[in-house]
There are 4 protein chains.
Amino acid sequence: MAPIIVDKEAKKEEIFLAAASVFAEKGFSGTRMEDVAVKANMGKGTVYEYFKSKDALFFGLYDYLLNEFHTKIYAVITPEQTPFEALSAIVSVTLRAFDEWHDYGFLLMDFWKEHRRGGGLQIEFSAVYDKSRDIISRLIDEGIEKGEFAHVDSRAAASAIIGILDGVMLQRVFDPDLYGKCDVETHIPALIFMGLKKR
Amino acid sequence: MAPIIVDKEAKKEEIFLAAASVFAEKGFSGTRMEDVAVKANMGKGTVYEYFKSKDALFFGLYDYLLNEFHTKIYAVITPEQTPFEALSAIVSVTLRAFDEWHDYGFLLMDFWKEHRRGGGLQIEFSAVYDKSRDIISRLIDEGIEKGEFAHVDSRAAASAIIGILDGVMLQRVFDPDLYGKCDVETHIPALIFMGLKKR
Amino acid sequence: MAPIIVDKEAKKEEIFLAAASVFAEKGFSGTRMEDVAVKANMGKGTVYEYFKSKDALFFGLYDYLLNEFHTKIYAVITPEQTPFEALSAIVSVTLRAFDEWHDYGFLLMDFWKEHRRGGGLQIEFSAVYDKSRDIISRLIDEGIEKGEFAHVDSRAAASAIIGILDGVMLQRVFDPDLYGKCDVETHIPALIFMGLKKR
Amino acid sequence: MAPIIVDKEAKKEEIFLAAASVFAEKGFSGTRMEDVAVKANMGKGTVYEYFKSKDALFFGLYDYLLNEFHTKIYAVITPEQTPFEALSAIVSVTLRAFDEWHDYGFLLMDFWKEHRRGGGLQIEFSAVYDKSRDIISRLIDEGIEKGEFAHVDSRAAASAIIGILDGVMLQRVFDPDLYGKCDVETHIPALIFMGLKKR
DNA sequence: CATGAATGAGCATTCATTCAT
DNA sequence: AATGAATGAATGCTCATTCAT
């Protein structure tokens, strides 16, 4: 008669936030569903009202975060930018994003690791990387066409750039002071665009 | 009665080989000590004679593999090489090593992931990266001195190079066809040394 | 505001019908209160308005069904019948009733099985059997008096007859083709009345 | 080197005995695996060394008990007996067996009830009844041939006899005094062989 | 030394029941 | 009256670790 109106999506988001925090701290297998529930200020059972299983929560979270991440990253690209400017913006915002959420690195490691355990729930990681590679390699192709970039293999270069960004993140996970030791946000793009060799 | 002489080190190596195979296939938390024992053709109890715990085995394995890996990688550096040649050799042998043992990627992911869980047993990953970074950044510094390389920040560049290599490995874990799609072993070094920008 | 008038008894019956169907299909412990609620087109909470607990619903259902069953069975007895005719009618209508509702067998099994779990709610099964035994043994006694039946122990014979009927039902639960294989409705009464021995 | 020798079968039997006792007392769903373990004086995990799951234990127990039961029952048949004597012996030993282990009735109810829950583990009850029906109907056929029994339908009569025995057991489960109230072991066989009708 | 039987802590998940609306 | 969101007790099962032989 007067059904309790609950914003299911809002509740899911609450759980996602709690889960992100706990998974990032303890890792997937180190996290108990109760930990998530406690963090989200609800009963264990309630979490299960919104997510069928621990796996569903985990990979759902991945989806959620990736979406937010991509939205954030690719919001910086505008049509007026030159390929160089667009690429610079992507690299720079990505590095800054890692900086802002250090835990994201741990989460991502877990996603990578748990990714294998069969089942149909899991995100198609390969597709995710494909998508990123597509965007970046298209910018590179455009840059080559316009004479801005050298005649590199655009897909290999895109892989390398993503590799740099992921790899830098990994290294920062294990050595948080890396940023302190050198100005990564300046030097990494420099390397990407200029290479090591003297001209 | 003559005491049975057992080569403890040889036995440990047997266990390492079995463990590497099983951990790579099933991941750390998906692997049961019994799986390792079976693979190594011995009883569960025997594994515990050589390793105090699952963690000790796992991180001991990391140590073991990393040692082998580093030995292999840095064997290619010789004093006669120019910095450019040395760096090229490292990059190239690393890419080829990933190629040879695809599972290594999964193992590495697990090491990264489990790395955190307290205790004092764990390898100091940061130190590992530091060591690699040291070797590479020294080569870069040398190259700058000799006028071979541009005036980049050598530590940032080293981070970026390691990042590229780790990152490329990660991408190949999720998309094994990457090598097929483009000649990574040619293009990645090219990007590293020449950068994207046209000269 | 005019209060909504709800026919409590009608609603209870709705729930009973839904419950009978679900319990028969999934068994007592396999049935969730929500299943019943869904089948009855109402909310879980509403079921609890009418039945204090799952047990109360289950044993209430037993009462309800038994009542219907008894009403049906004993409607066939009339004062004009000879004891033989009355008994024949009971046997025959019982066998036919089992035939009509195959699921009843499963329900009954569950009632038997759950019957023990303490508490004061449960139906006194013994009393139920006593009642049936009373009716049947009285008919037998009457038959003996009138010289229609042999001098058997009427209570033992009544037990045996109920036993035959319950037992036949059980066997049909596990082998639904039993009726197909032989004409139970003819042969079972024949055995009851004539026995195995040749005269 | 000196492996602990454990008689796996003996251990299984220990567990069966504990399980029979606990299942009979609390029913299948009311029994926790720990209850069985405690009763058998072992740890929970140990039970799982011998039985893959609660279901496997339960239906394994059924197999075990049924085997014992059948062995006991059909041990009383000898080639020299007339069909009447053989049948009498079966009926009588069955009734006495129920008497000796009252709990068997409860266990059987549970087996009946749980029987449905799909899966491939479960005993084919139908086959069990078929087997009993075969033995008994063959004896009846033999009796008919020899002129000992009336021309009944032997399969229907066999069903009825099994029905009587199962049914009597059920009634005794709910009214343990039934035996006290009348001499079932005399009167039930009398009814089976002579029927109700006066000759 | 080697073993594998025994153990029990630990955790994902289910579901009867409650109660705010 | 009716609802269904929230809850947490309860339990089957796994697996690292121990230890008697």
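No hydrogens, no waters, no symmetry mates; every other heavy atom, side chains included, goes into these values. In the text below, chain A, chain B and the rest are named by the order of the sequence lines, each starting its count at 1. From a predicted model like this one, the values you see are computed outputs, not experimental measurements.
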Checking side-chain contact (heavy atoms from CB on, under 4.5 Å) for the pair A:Tyr50/A:Thr46: CA distance, chi angles, key distance, verdict? CA-CA 7 Å; A:Tyr50 293 87; A:Thr46 309; 4.0 Å; yes
Say whether, by atom type as modelled, one donor and one acceptor occur between the side chain of [X] and the main chain of [Y] under 3.5 angstrom.
{"X": "C:Asn67", "Y": "C:Tyr64", "result": "no"}
{"X": "D:Lys54", "Y": "D:Phe28", "result": "yes"}
{"X": "A:Asp35", "Y": "A:Arg32", "result": "yes"}

Verify the contact: side-chain N or O of [X] to OP1 or OP2 of [N], cut-off strictly under 4.0 Å; return yes or no.
{"X": "D:Lys11", "N": "E:dA6", "value": "yes"}
{"X": "C:Tyr50", "N": "F:dA2", "value": "yes"}
{"X": "A:Thr46", "N": "F:dA5", "value": "no"}
{"X": "D:Lys8", "N": "E:dA5", "value": "yes"}

Between the base of F:dG12 and the side chain of D:Lys52, is there a donor and acceptor pair under 3.5 angstrom? no
Report yes if a donor N or O on one partner sits less than 3.5 Å from an acceptor N or O on the other, where the partners are the side chain of D:Lys54 and the base of F:dT11; otherwise report no. no
Would you kindly give the [atom1]-to-[atom2] distance between [X] and [N], to the nearest whole Å?
{"X": "D:Glu34", "N": "F:dG12", "atom1": "CD", "atom2": "P", "value": "9 Å"}
{"X": "A:Met33", "N": "E:dT14", "atom1": "CE", "atom2": "C1'", "value": "12 Å"}
{"X": "C:Tyr48", "N": "F:dT3", "atom1": "OH", "atom2": "C1'", "value": "14 Å"}
{"X": "C:Glu14", "N": "F:dA2", "atom1": "CD", "atom2": "P", "value": "10 Å"}
{"X": "D:Asp55", "N": "F:dT11", "atom1": "CG", "atom2": "P", "value": "16 Å"}
{"X": "D:Lys26", "N": "F:dA10", "atom1": "NZ", "atom2": "P", "value": "13 Å"}
{"X": "C:Glu49", "N": "E:dA20", "atom1": "CD", "atom2": "P", "value": "14 Å"}
{"X": "B:Phe51", "N": "F:dA16", "atom1": "CZ", "atom2": "C1'", "value": "16 Å"}

With heavy-atom distances below 4.5 Å as the criterion, would you say the side chains of D:Asp110 and D:Phe58 are in contact? yes
Within-4.5 Å side-chain heavy-atom neighbours: B:Lys11 and B:Met42: yes
Looking at the side chain of A:Arg32, which of E:dA6, E:dA12, F:dC13 is the nearest nucleotide? E:dA12
Under the ring pair (Phe, Tyr, Trp, His ring centres under 6.0 Å) rule, what do B:Phe51 and B:Phe16 come out as? Steps first, then yes or no, please. CA-CA 10 Å; B:Phe51 298 94; B:Phe16 275 144; 5.2 Å; yes
With nearest nucleotides of DNA chain F determined for D:Ser29 and C:Val47 from heavy-atom distances, which residue corresponds to the more 5′ nucleotide? C:Val47
A:Gly45 or D:Gly45: which one's nearest nucleotide on DNA chain E is closer to the 5' end? D:Gly45
If you find the nucleotide of DNA chain E closest to C:Gly30 and the one closest to B:Lys44, which residue's nucleotide is nearer the 5' end? B:Lys44
How would you label the contact of D:Gly43 with the nucleic acid (heavy atoms, under 4.0 Å): base, sugar-phosphate, or nothing? sugar-phosphate
Reported CG-to-CZ distance for the pair D:Leu107 and D:Phe23, which is rounded to 0.5 angstrom: 8.5 Å
Just the dot-bracket of DNA chain E, please: which string comes out with Watson-Crick or G-U pairs under 3.5 Å, [ ] for crossing, | for another strand? .||||||||||||||||||||
